Amino acid sequence: MDIRFYNTLHRSKEPFQTRDPGRVGMYVCGPTVYDDAHIGHARAYVAFDVLARFLRFAGFEVTYVRNYTDIDDKVIHRAREAGTTHGELAQRYIDRYREDMERLRVLEPDVTPRVTDHLTEIVAMVQALVERGHGYVLDDGVYFSIRSYNGYGRLSGRKLDEMMVGARVEVDDQKHDPLDFALWKLAKPDEPSWPSPWGPGRPGWHIECSAMSLKYLGPGFDIHGGGMDLIFPHHENEIAQSVCATGREFVRTWMHNGFVNVNKEKMSKSLGNFFTIRQAAELVDAEAIRLFLLGTHYRGPVQFDVELSPEGGLVGFPGLVEAERRLAYGYETVRRLARTEAQLAAKHAPGAAPEALLGAAATFDEALRSALADDLNHAEALGHLATLQRTANDFLDRAKEHPPAARLAAVRRLREALATAAGVLGVFERDADGALGGIGACGLRRVGVPVAELDDAIRRRTEARRTKDFAAADRIRAELLERGIELMDAPGGTEWRVVKG
RNA sequence: GGCGCCGUAGCCAAGUGGUAAGGCAGAGGUCUGCAAAACCUCCAUCAGGGGUUCGAUCCCCCUCGGCGCCUCCA
């Protein structure tokens, strides 16, 4: 398969070539665990989850490493505020983060290293840098000298002398260069610390990702990813340290996801305009968040619109509700196919599926593959998926036109194509009944209608219809619609769905 | 001051040097007690101007309008 990815380092799409044939090592910068993950985190980890899934689908043996930064200034401060230790605080947020990822159907990476478990590697790396003349010791820590690495600035595309250094950063005149950064921070009183040749302290930001990625993947590994905001200085610094410490190439392909925007502005902690995954998952089925995020190519900005009340309170997320509707559509399609297959399989053996349908399925398989192979275009892939779903429903609507044996084969082929897409994209993978139940429950919670009340209304309306009292039946339906619930009379009984955001 | 991104239908959003996927909303149908669901049909010339080209939405330049990074951030 001809796979191309956009490499931030070269600012262009290029053919993907691995260091070792058939194998991919990828490292993604994970969260600093001092707070709940927000939609921006969700975006990054969903995108790289699809990347890992796709690479496996393409036949590679993938080693996916995603770290937890469990010690840094923010962790220390937050733990202090909360009256706990950094270790307990970090563990709490790692647990919560794991729950969030599970709800987003982000698969657990192969290795999830924590900084505090890798002090040995980190200290050794700092030591190597000092020995090679790239690090120097000041009274509060060890620093990396960016002027000692002539490739500095290559990733972020900037020249050292053109940056407005000092405009926003307080210049520490002890440092040899304002852009020099800490490799090791000596501990102040009451700060957690680990022993080192320079005294007790903790790792600076950046060094942990270099040390851990190199430990698990080795120099010159294939893909390093993260949000675009990490390009500078984090990834730039990682490259500098790693190349200087090992004397070898660090990473082949750098991939960065775009931001999540709220009202056109970047969602960020400092602006305070962020929403956590948990907040969103209270209002919609969490898989809808994933589907929503996958609707935009991973490098572009995602418009995450928020509906606010006149007083400024959170009302809802229209985009997520729309995505949830598509989610329900997808699962309903899967369920129709499954039920039809079960009915047919009980009485018939599969025959030859109609040519047109086989063609549509084959076209889809190829379109899915080539969309993802072209810089992981999951947004395009979802477009193809929508087309296949429509094809499936159309086929089911007109199924009687074909003999049962052909129908059975066709339904199986459709299910196979949909399952492949589900596995690669990580959507529509759940049991359809369970997923639809969950989506319905979310909707009822949103509109504030108890299930018992809904069931009762449906019962009363069914009775009214039985006695042909259509006026009464229509009244009940209108009342429910007013409250955001739409009824649908299906052959097997009355079904419902929530139509209000 | 430097570097960079974006502007595609009411909204969200792919994409390509040869006349623009998909979704939501909307209109008209099939179906239905009526509806809904599902399906069918319809619905854009790609911010503006100039240039290159046989031909540009896609390449170049300019203008306007958004935004990002250069500080912690996915």
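Please read these numbers as outputs of a predicted model, since none were measured by experiment. Every chain is numbered from 1 and lettered A, B, ... according to where its sequence line falls, protein lines coming before strand lines.
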Visitor: Is A:R278 salt-bridged to A:D100, going by a charged N under 4.0 Å from an acidic O?
Guide: yes
Visitor: Output the rounded distance in Å from CD (A:E486) to P (B:C34).
Guide: 17 Å
Visitor: Output yes when A:R96 and A:D36 qualify as a salt bridge under the 4.0 Å nitrogen-oxygen rule, no when they do not.
Guide: yes
Visitor: If you only use heavy atoms from C-beta on, which nucleotide in B:G4, B:A74, B:C72 is closest to the side chain of A:R11?
Guide: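 Looking only at heavy atoms from C-beta outward on A:R11, the closest nucleotide is B:G4.
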Visitor: Using heavy atoms and a sub-4.0 Å distance, could you list which residues of residues 357-368 of chain A are near RNA chain B? By number, please.
Guide: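 Hits under 4.0 Å, by residue number: none.
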Visitor: Let's test this: given Watson-Crick or G-U wobble pairing with both distances under 3.5 Å, identify the partner of B:U19.
Guide: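 Per the H-bond distance test, none.
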Visitor: What interatomic distance, in whole Å, is found between P of B:C64 and the corresponding atom of B:A9?
Guide: 22 Å
Visitor: Using a heavy-atom cut-off of under 4.0 Å over every strand shown, decide if A:G258 touches base, sugar-phosphate, or nothing.
Guide: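 The residue A:G258 makes base contact.
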Visitor: Salt-bridged, A:D177 to A:R147, with N to O below 4.0 Å?
Guide: yes
Visitor: Mind checking if A:M228 touches a base, just sugar-phosphate, or nothing, with heavy atoms under 4.0 Å?
Guide: nothing
Visitor: Polar atoms only, N or O, under 3.5 Å: list the protein pairs with nucleotides 26-28 of chain B and their distances.
Guide:
none

Visitor: Determine yes or no for a side-chain-to-main-chain donor-acceptor pair under 3.5 angstrom, with A:R407 supplying the side chain and A:H402 the backbone.
Guide: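 Yes; at least one donor-acceptor contact below 3.5 Å.
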Visitor: Confirm from the modelled atom types if A:R477 and B:A35 form a donor-acceptor pair under 3.5 Å, side chain to base only.
Guide: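 For A:R477, whose side chain was compared with the base of B:A35, there is a donor-acceptor pair (under 3.5 Å).
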Visitor: Examine the base of B:C34 for any acceptor or donor lying under 3.5 Å from a partner atom in the side chain of A:D489, and report the outcome as yes or no.
Guide: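 Such a pair is found, so the answer is yes.
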Visitor: Between A:H41 and A:H38, how do the two ring planes meet: parallel, tilted or perpendicular, split at 30° and 60°?
Guide: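 Tilted.
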Visitor: For A:L271 and B:A74, give me the distance from atom CG to atom C1', rounded to whole Å.
Guide: 15 Å
Visitor: Checking base pairs now: Watson-Crick or wobble, both atom distances under 3.5 Å. What partners B:C3?
Guide: B:G68
Visitor: State plainly whether the residues A:R98 and A:E108 are in salt-bridge range, i.e. N to O under 4.0 Å.
Guide: yes
Visitor: Mind checking the C1' distance from B:G66 to B:C60? Whole angstroms is fine.
Guide: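 To the nearest whole Å, 23 Å.
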Visitor: When we call it a touch if two heavy atoms are under 4.0 Å apart, what does A:R475 touch: a base, just sugar-phosphate, or nothing?
Guide: nothing
Visitor: How would you list all residue pairs meeting side chain to side chain donor-acceptor pair (under 3.5 Å) that involve residues 283-293 of chain A, not counting sequence neighbours?
Guide: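 Non-adjacent pairs meeting side chain to side chain donor-acceptor pair (under 3.5 Å): A:D49-A:R290, A:D285-A:R430, A:E287-A:Y331, A:E287-A:R430.
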Visitor: Using the C1' atom on both, measure B:A20 against B:U57 and round to a whole Å.
Guide: 8 Å
Visitor: Can you tell me the distance, in whole Å, between the CZ atom of A:R4 and the P atom of B:G15?
Guide: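 Rounded to the whole Å, the gap is 13 Å.
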Visitor: Between A:R477 and A:D474, does any side-chain N to carboxylate O distance fall below 4.0 Å?
Guide: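 Result for this pair is yes, salt bridge flagged.
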Visitor: Does anything in residues 377-395 of chain A come within less than 4.0 Å of RNA chain B? Heavy atoms only, and list the residues if so.
Guide: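 Contacting residues: A:N377, A:A379, A:E380, A:G383, A:A386, A:T387, A:R390, A:N393, A:D394.
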Visitor: Taking pairing as Watson-Crick or G-U wobble with both contacts under 3.5 Å, can you name the mate of B:C43, or confirm there isn't one?
Guide: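 Looking at the geometry, B:C43 pairs with no nucleotide.
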Visitor: Check the pair A:L314 / A:F275 against side-chain contact (heavy atoms from CB on, under 4.5 Å), numbers first and verdict last.
Guide: CA-CA 10 Å; A:L314 172 64; A:F275 295 90; 3.9 Å; yes
Visitor: Can you tell me, in whole Å, how much space there is between the C1' of B:A44 and that of B:A35?
Guide: 32 Å
Visitor: For B:C11 versus B:C46, give the span between their P atoms, rounded off to a whole number of Å.
Guide: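 It comes out at 15 Å once rounded to the nearest Å.
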Visitor: In whole Å, what is the span from the NZ atom of A:K400 to the C1' atom of B:C31?
Guide: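 So the two atoms are 13 Å apart, to the nearest Å.
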Visitor: Which whole-number value in Å describes the distance from A:H234 NE2 to B:A74 C1'?
Guide: 11 Å
Visitor: Applying a 4.0 Å non-hydrogen cut-off, can you work out what A:G319 is touching in the nucleic acid: base, sugar-phosphate, or nothing?
Guide: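 Nothing, no heavy atom under 4.0 Å.
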Visitor: Between A:R465 and B:G33, is there a side-chain N or O to OP1/OP2 distance below 4.0 Å?
Guide: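 Looking at the OP1 and OP2 atoms of B:G33, neither is under 4.0 Å from any side-chain N or O of A:R465.
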Visitor: Strictly below 4.0 Å: does A:Y298 bring a side-chain N or O up to OP1 or OP2 of B:A14?
Guide: no
Visitor: Using atom CZ of A:R326 as one end and atom P of B:C24 as the other, report the distance to the nearest whole Å.
Guide: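 After rounding, the gap between these two atoms is 4 Å.
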Visitor: If I pick the C1' atom on B:C12 and the same atom on B:A25, what distance separates them, to the nearest angstrom?
Guide: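 Their C1' atoms lie roughly 11 Å apart.
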Visitor: Quick one: label A:F292 by what it contacts on the DNA or RNA (base, sugar-phosphate, nothing), any heavy atom closer than 4.0 Å.
Guide: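 Answer is nothing: A:F292 stays at 4.0 Å or more from every strand.
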Visitor: Using atom CG of A:L230 as one end and atom P of B:G68 as the other, report the distance to the nearest whole Å.
Guide: 17 Å
Visitor: For A:R465, give me all partners under salt bridge (charged side-chain N to carboxylate O under 4.0 Å, His left out), at least two apart in sequence or on another chain.
Guide: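 In terms of salt bridge (charged side-chain N to carboxylate O under 4.0 Å, His left out), with neighbours along the sequence ignored, A:R465 is linked to A:D489.
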Visitor: Per the atom types in the model, does the base of B:G23 pair as donor or acceptor with the side chain of A:R325 at under 3.5 Å?
Guide: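 Donor-acceptor pair under 3.5 Å: no.
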Visitor: For A:T296, which contact category applies under a 4.0 Å heavy-atom criterion: base, sugar-phosphate, or nothing?
Guide: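 It contacts sugar-phosphate atoms only.
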Visitor: Of the listed nucleotides (B:A74, B:A37, B:G15), which one gets closest to any side-chain atom of A:H297?
Guide: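 When the side chain of A:H297 is considered, B:G15 is the closest of B:A74, B:A37, B:G15.
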Visitor: Using the C1' atom as the point on both nucleotides, what is the distance between B:C42 and B:G51, in whole Å?
Guide: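 Result for the C1' pair: 38 Å, nearest Å.
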Visitor: I want to check something: taking the side chain as every heavy atom from C-beta on, are A:R202 and A:P192 in contact at a cut-off of under 4.5 Å?
Guide: no
Visitor: Counting Watson-Crick and G-U wobble pairs only, both distances under 3.5 Å, name the nucleotide matched with B:A56, or none.
Guide: none
Visitor: Closest-nucleotide mapping onto RNA chain B: is A:E322 or A:D397 further toward the 5' terminus? I mean the 5' end.
Guide: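 Looking at the nearest nucleotide for each, A:E322 comes out on the 5' side.
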Visitor: I'd like to know if A:D474 reaches the base of B:G33 with its side chain, counting only an N/O donor and acceptor under 3.5 Å.
Guide: yes
Visitor: Side-chain N or O of A:K264 versus OP1/OP2 of B:C6: is the shortest distance under 4.0 Å?
Guide: no
Visitor: Is it true that A:R398 and A:D394 have a side-chain N and a carboxylate O under 4.0 angstrom from each other?
Guide: yes
Visitor: Which part of the nucleic acid, if any, lies within reach of A:K468 when heavy atoms closer than 4.0 Å are counted: base, sugar-phosphate only, or nothing?
Guide: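 No contact.
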Visitor: Could A:R158 and A:F232 be counted as a cation-pi pair, given that NZ or CZ must be under 6.0 Å from the ring centre and within 45° of the axis?
Guide: yes
Visitor: Return the nucleotide paired to B:A25: Watson-Crick means purine N1 to pyrimidine N3 with N6-O4 or O6-N4, wobble means G-U with N1-O2 and O6-N3, both under 3.5 Å.
Guide: none
Visitor: Base, sugar-phosphate, or nothing for A:V28, non-hydrogen atoms under 4.0 angstrom?
Guide: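 No contact.
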Visitor: Does anything in residues 224-241 of chain A pair up under salt bridge (Lys or Arg N to Asp or Glu O under 4.0 Å), and if so which pairs, sequence neighbours excluded?
Guide: A:D229-A:K266
Visitor: Say we look at B:U19 and B:C34: how far apart would their C1' atoms be, to the nearest angstrom?
Guide: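 Each nucleotide's C1' atom is 45 Å from the other's.
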Visitor: In terms of side-chain geometry, is the basic nitrogen of A:R466 or A:E463 positioned less than 4.0 Å from the acidic oxygen of its partner?
Guide: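 A salt bridge links A:R466 with A:E463.
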Visitor: State which residue, out of A:R299, A:H224, A:H235, fulfils the side-chain hydrogen bond (donor to acceptor under 3.5 Å, both in side chains) condition with A:H256.
Guide: A:H235
Visitor: Rounded to whole Å, please give me the gap between CZ in A:R158 and C1' in B:G68.
Guide: 11 Å
Visitor: Check whether the aromatic ring of A:Y45 stacks on the base of B:A74, taking stacking as ring centres less than 5.5 Å apart and planes within 30° of each other.
Guide: no
Visitor: Taking the nucleotide of RNA chain B with the closest heavy atom to each, which residue, A:C29 or A:A471, is nearer the 5' end?
Guide: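 The answer here is A:A471.
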